[in-house]
Amino acid sequence: MDVPRSKEFHDVYFSAEDGLAESRHVFLAGNNLPDAWIGKDRFVICESGFGTGLNFLAALKLWLESDVDKRPSDLHFISFEKYPLDKDFIEKSLCHWSELGDILVKLLAIYPVDLSGNIYELAVMDGVRLTLIFGDINDEMPKLDSKVDCWFLDGFKPSSNPDMWSDIVFKNMARLSANGASFATFTAAGKVRRGLEAVGFKVHKIKGFGHKREMCVGIINP
Ligand SMILES: C[S@@+](CC[C@H](N)C(=O)[O-])C[C@H]1O[C@@H](n2cnc3c(N)ncnc32)[C@H](O)[C@@H]1O
């Protein structure tokens, strides 16, 4: 399988080892899902880079496989993206995972054709909404009004994409976080740890996916 690459950042969208397994390890397990959403009627996930939508589909699959009585009846996934990919690119990137087949078809059916718009409110299925915000996260995040239960911080390496890991992003995470909100990210870079700690997150380093030594998880105001 050819791992999709960003032409802007010269980096891969997900691990060449197994992107879906990486997404489950870093973002789902890293945010203690599905346990974190048990008993909540409404649950909001906010992601810092939609890319191919792999993390969104991993979360949606977990929700579909969860006990109907225990999962939130309203799952809202919000994601920012400065360089939206087109449907063909997304399909080529993800069609390799047959287990995503049905939900990939669903995503492609609702995904915008015109990528020049700004905010798309998409009804994915009964109980699941996807808000795609196309633009620079530093411009768009301050306009967001929500209560976020967990954060997927996925925005290419801080060394090659410092804009994604700015004080504006960290401050807005604190502003938008629900009580006890969690985050998970593939990076353990000092700048990211310090930025999150400065706005009130308790940050822990844990084992990263595959050959990666470390990643970070944490909770706000524990
Ligand atoms: C590692 S990729 C995300 C992979 C994605 N979560 C997936 O499941 O395929 C990082 C994404 O962040 C986007 N990005 C980078 N800088 C950004 C910025 N300043 N604002 C919004 N999105 C940005 C990139 O275009 C890219 O799609």
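Just so you know, ligand 1 is whichever comes first in the structure, and atom 1 is the first atom listed for that ligand.
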Say whether [X], considering both its backbone and side-chain N or O atoms, lies within less than 3.5 Å of an N or O atom on ligand 1.
X      : result
Ile137 : yes
Val12  : no
Glu47  : yes
Asp163 : no

Proximal atoms of ligand 1 relative to [X] (non-hydrogen, under 4.0 Å):
X      : value
Phe9   : 15 (C), 16 (N)
Leu54  : 7 (C), 8 (O), 9 (O)
Gly135 : 20 (N), 21 (C)
Gly53  : 7 (C), 8 (O), 9 (O)
Tyr83  : 25 (O)

So do the side chains of Ile206 and Met215 get within less than 4.5 Å of each other, counting heavy atoms only? yes

For Phe80 and Trp151, I'd like to know if the aromatic rings sit close, meaning centre-to-centre distance below 6.0 Å. no

Test of ring centre spacing under 6.0 Å for Phe134 and Tyr83: no

Atom CG of Asp114: over 12 foreign heavy atoms under 6.0 Å: yes

Taking salt bridge (Lys or Arg N to Asp or Glu O under 4.0 Å) as the test, write out the residues that go with Lys106, two or more places apart. none

Could you check whether any heavy atom of [X] sits closer than 4.0 Å to an atom of ligand 1, since that is the contact criterion I want to use?
X      : result
Phe50  : yes
Phe56  : no
Gly155 : yes

Which is closest to atom 17 (C) of ligand 1 by heavy-atom distance: Lys7, Glu22, Glu140, Met164? Met164

My understanding is that we take every heavy atom of each candidate and find the minimum distance to atom 18 (C) of ligand 1. Doing that for Lys82, Glu8, Met141, Glu81, which one comes out nearest? Lys82

No-hydrogen, no-angle side-chain donor-acceptor test under 3.5 Å, Ser182 and Asn31: yes

Any side-chain donor near an acceptor of the partner, Asn55 and Ser23, under 3.5 Å: yes

Picking from Asp35, Asp74, Asp149, what satisfies salt bridge (charged side-chain N to carboxylate O under 4.0 Å, His left out) with Lys40? Asp149

In Å and rounded to the nearest 0.5 Å, what is the NZ to CD distance from Lys207 to Glu214? 9.5 Å

Would you call the rings of Phe89 and Tyr13 parallel, tilted or perpendicular, where under 30° means parallel and over 60° means perpendicular? perpendicular

Could you tell me the residue and atom name of the protein heavy atom closest to [atom], and the distance to it rounded to 0.1 Å?
atom                    : value
atom 10 (C) of ligand 1 : Asp154 O, 3.4 Å
atom 19 (N) of ligand 1 : Asp136 OD1, 3.3 Å
atom 15 (C) of ligand 1 : Asn161 ND2, 3.1 Å
atom 9 (O) of ligand 1  : Thr52 OG1, 2.6 Å
atom 3 (C) of ligand 1  : Gly49 O, 3.3 Å

Exam field: side chain His10 to backbone Arg5, donor-acceptor pair closer than 3.5 Å: no

Kindly list each side-chain donor-acceptor pair under 3.5 angstrom involving residues 185-192, sequence neighbours excluded, with atom names and distances?
unit_1, atom_1, unit_2, atom_2, d
Thr185, OG1, Leu153, O, 2.9
Thr185, OG1, Thr187, N, 3.4
Thr187, OG1, Ala189, N, 3.0
Lys191, NZ, Trp165, O, 3.2

